[in-house]
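When reading the values below, keep in mind they use all heavy atoms of this one structure, side chains included, and skip hydrogens, waters and symmetry mates. Per chain, numbering begins at 1; letters A, B, ... match sequence-line order.
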Amino acid sequence: MSSIAIRPIHRAVGFYEAPIGKKAVMAVTGLVLFGYVVAHLLGNLQIYSSDPTQINKYAAFLHNPANAIALLMARTFLLVCVGLHITASVQLWLQNRAARPIGYFKKDDVPASYAARTMIWSGPIVGAFVTFHVLHLTVGSVLPLHEVEGGAFLSPDVHYNVITGFQNPLVAGFYILAISLLCTHLYHGIWSMFQSVGVSHPRYTPLLKKFAALCAIVIALGNISIPVACLAGWLKV
Amino acid sequence: MRIVLHISRQRNGGAKPKLVRYEVPNVNHEMSFLEMLDVLNEDLIAKGEEPVAFDHDCREGICGMCGCMVNGLAHGPRPGTTLCQLHMRTFKDGDQLYLEPWRSAAFPVVKDLVVDRSALDRLIAAGGFISVATGEAPDGNAIPVPKEAAERSMDAAACIGCGACVAQCPNASASLFMGAKLAHLGLLPQGAPERDARVEAMVAQARAEGFGSCTNIGECEAVCPKEIKLDVIALMNRDFLHAQILGRGAVSENAG
Ligand code: HEM
Ligand code: FES
């Protein structure tokens, strides 16, 4: 075997060239995004606190200028992960379509696994929703955002912005749709990422699939409860 | 019983496939699927028409030559069964069956239901072997093999290379085939030294052949006549990551 020095960058490119490398990138970035989804849900559930300013205190903590660098780093990291996740998924999807140029007249899908087959649709719709969601509640280009004094600086009045936002049925409806699709994405994704990096076990993988399904459903119910509570008037400004 | 067939027919790989309807009025339920096609062909020849081309050899489920899609399922509706071992008692009088060849960019159609599967041979040539000096057969049990490794390797070695996994996969991926070969060879001590190089070479060759990649759906395992399980694909993924991340890197030239 020739012993040409292979630089790390060449190895990284060679790794990503291979479909299994791309899948590993999707699995790792998917795991990061999944972690973010969980953290984000835990943050959001503070809206149910008996103290209506609780969630604003949390927002003020995140927006504290002292944490600005950490916030910037976290946002950059998440954006890079989203970028890699989307790039790899689109590349794989195109390759996989090209692998069967002439389709079947009749094709049976066994097992049905709707969630697994619709990853390329649930993903982009969730992505489009996230863009809208950031414009709505972070940038403020959908509805004017309220701010409150967070001590020495202004921070968003999340309690007000979220509840008034979700009182609009269109905003709430899009949110519920997107979360439902995120649920199907994670239903497949949470176990699939293990398989992609080679973790499989005859006894534990079936349990993992059940856990993934449960996790996806709990995350979806937790998130969907918020717009439902706003529409029903249980949460008020 | 009477069976209605809709067979995808094409003169050669370049021709556009057309579904043609045939009736086989006198099917015995004890016939195998291929015998039913033989009856159809006898009839077509008697009428001076072109018989339907299909592949077959052993007709006992061990060679991997036969196979086509039957109503959208590779090797038909019976799990763990090759087309030659599928019997007509699986079907009912009057059933309408759609027969199509394996479809994949890597499997050019030769004629009707016959496809060229040499892409799978090239995957084997790329890495599906072990390099050992031949000589006298080693003594039995001279090389200890853990029981579990022997079992898993044997299960994977059941693969007959028919290509049903590729045909059924929504991505026309050969992952189940590759995983089976990698598990079969790599889990045994004789195959272990080349494990890194083997997986890298096979993965690169699969890309060059135009196979798709795995999205963990599991259609392959559902139709595999030898019931090879998806965990061989996890093993391939793990071997590949191991080779790329912990391997020496000199072989990663292959990974393009
Ligand atoms: C909150 C956002 C998201 C989370 C938590 C997430 C999570 C995941 C996870 C865990 C996987 C499994 C990875 C694997 O099988 O190895 C996955 C796969 C996938 N994701 Fe996402 N994802 C998100 C957003 C997106 C977006 C915006 C797209 C847009 C294209 C997308 C497209 C896909 C596709 C197509 C797959 C399947 C890849 C394959 O099987 O080859 N995802 N996702
Ligand atoms: S003809 Fe040999 S397996 Fe079917």
Side-chain angles (χ1 to χ4, degrees), chain A residues 1-8 10-24 26-27 89 91-117 119-120 188-189 191-202 205, chain B residues 6 8 16-17 19 69 71-73 77 98 100 103-106 109 166-173 175 197 199-200 203-204 206-207 210-219 222-223 229-242 244-245 248-256:
Chain A
M1 198 128 304
S2 69
S3 53
I4 318 161
I6 304 264
R7 300 225 183 80
H10 295 150
R11 289 185 72 165
V13 169
F15 176 77
Y16 188 77
E17 279 287 309
I20 299 178
K22 290 193 183 68
K23 267 314 279 274
M26 295 212 60
S89 71
Q91 288 175 317
L92 286 172
W93 184 66
L94 292 173
Q95 284 179 1
N96 290 343
R97 275 169 49 110
R100 178 164 297 129
I102 300 174
Y104 291 110
F105 289 107
K106 201 176 166 112
K107 175 75 176 18
D108 198 351
D109 296 338
V110 281
S113 42
Y114 299 109
R117 290 168 200 279
M119 293 300 267
I120 195 65
H188 176 70
W191 90 264
S192 174
M193 63 191 179
F194 285 87
Q195 172 83 4
S196 300
V197 296
V199 180
S200 168
H201 186 281
T205 298
Chain B
H6 302 266
S8 167
K16 213 173 132 49
L19 276 184
M69 303 297 281
N71 283 349
L73 286 171
Y98 287 75
E100 300 179 60
R103 294 221 177 267
S104 152
V109 172
V166 177
Q168 193 72 28
C169 174
N171 312 322
S173 166
S175 292
V199 67
E200 291 186 324
V203 167
R207 203 50 227 120
F211 288 113
S213 59
C214 183
T215 48
N216 305 337
I217 290 175
E219 291 211 41
V223 299
K229 295 287 175 253
L230 224 48
D231 67 320
V232 299
I233 299 180
L235 184 112
M236 167 172 72
N237 294 340
R238 185 160 70 241
D239 276 7
F240 184 79
L241 296 180
H242 181 276
Q244 290 274 309
I245 295 166
R248 267 161 297 137
V251 277
S252 59
E253 299 156 44
N254 291 335

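- For F194(A), there are no ring-ring contact (aromatic ring centres under 6.0 Å, His included) partners, not counting sequence neighbours.
- Using a distance-only test at 3.5 Å, with no hydrogens or angles considered, a donor-acceptor pair links the side chain of R100(A) to the main chain of A167(B).
- Atoms OH and CD, on Y16(A) and Q244(B) in that order, are 14.0 Å from each other to the nearest 0.5 Å.
- Your options are K22(A), M26(A), R117(A), H201(A), and the one with the most heavy-atom pairs under 4.5 Å with chain B is R117(A).
- Looking at K23(A) and C214(B), their side chains never come closer than 4.5 Å, going by heavy atoms from C-beta outward.
- In this structure, chain B has a heavy atom under 4.5 Å from the side chain of W191(A), while its backbone stays farther away.
- Of the residues considered (L19(B), L235(B), D231(B)), L19(B) shows the highest number of contacts with chain A, using heavy-atom pairs under 4.5 Å.
- At a 4.5 Å heavy-atom cutoff, V109(B) makes no contact with chain A through either its backbone or its side chain.
- By the 4.5 Å heavy-atom criterion applied to side chains, Q168(B) and V110(A) are counted as neighbours.
- For E219(B), the parts lying near chain A are the backbone and the side chain together; criterion is any non-hydrogen pair under 4.5 Å.
- For the set A115(A), G21(A), A116(A), S196(A), the entry with the most heavy-atom pairs within less than 4.5 Å of chain B is S196(A).
- Partner of D108(A) under the side chain to side chain contact (heavy atoms under 4.5 Å, CB included) criterion, out of L73(B), N71(B), V223(B): L73(B) alone.
- By number of non-hydrogen pairs under 4.5 angstrom with chain A, the leading residue of C169(B), S173(B), S175(B) is C169(B).
- Only the side chain of A24(A) comes within contact range of chain B, judged by heavy atoms closer than 4.5 Å.
- Interface residue S113(A): only side-chain heavy atoms are found under 4.5 Å from chain B.
- For the pair N96(A) (side chain) and S213(B) (backbone), a donor-acceptor distance under 3.5 Å is present.
- Under the side-chain contact (heavy atoms from CB on, under 4.5 Å) criterion, A206(B) pairs with L123(B), M178(B), F211(B), not counting sequence neighbours.
- Judged by distance alone, the side chain of Y104(A) and the main-chain N or O of G72(B) form no donor-acceptor pair under 3.5 Å.
- Chain A forms the most heavy-atom pairs under 4.5 Å with one residue out of A172(B), G212(B), G218(B), and that residue is A172(B).
- Using a 4.5 Å heavy-atom threshold, the side chains of M69(B) and K107(A) count as touching.
- What you find for S104(B) and P101(A) is that their closest heavy atoms are C-CD, 4.5 Å.
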Before giving the answer on side chain to side chain contact (heavy atoms under 4.5 Å, CB included), spell out for N171(B) and W93(A) the whole-Å C-alpha distance, their side-chain angles and the decisive distance to 0.1 Å. CA-CA 8 Å; N171(B) 312 322; W93(A) 184 66; over 6 Å; no
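- Of the listed residues (M236(B), R207(B), E200(B)), just one forms a side chain to side chain contact (heavy atoms under 4.5 Å, CB included) with I20(A), and that residue is M236(B).
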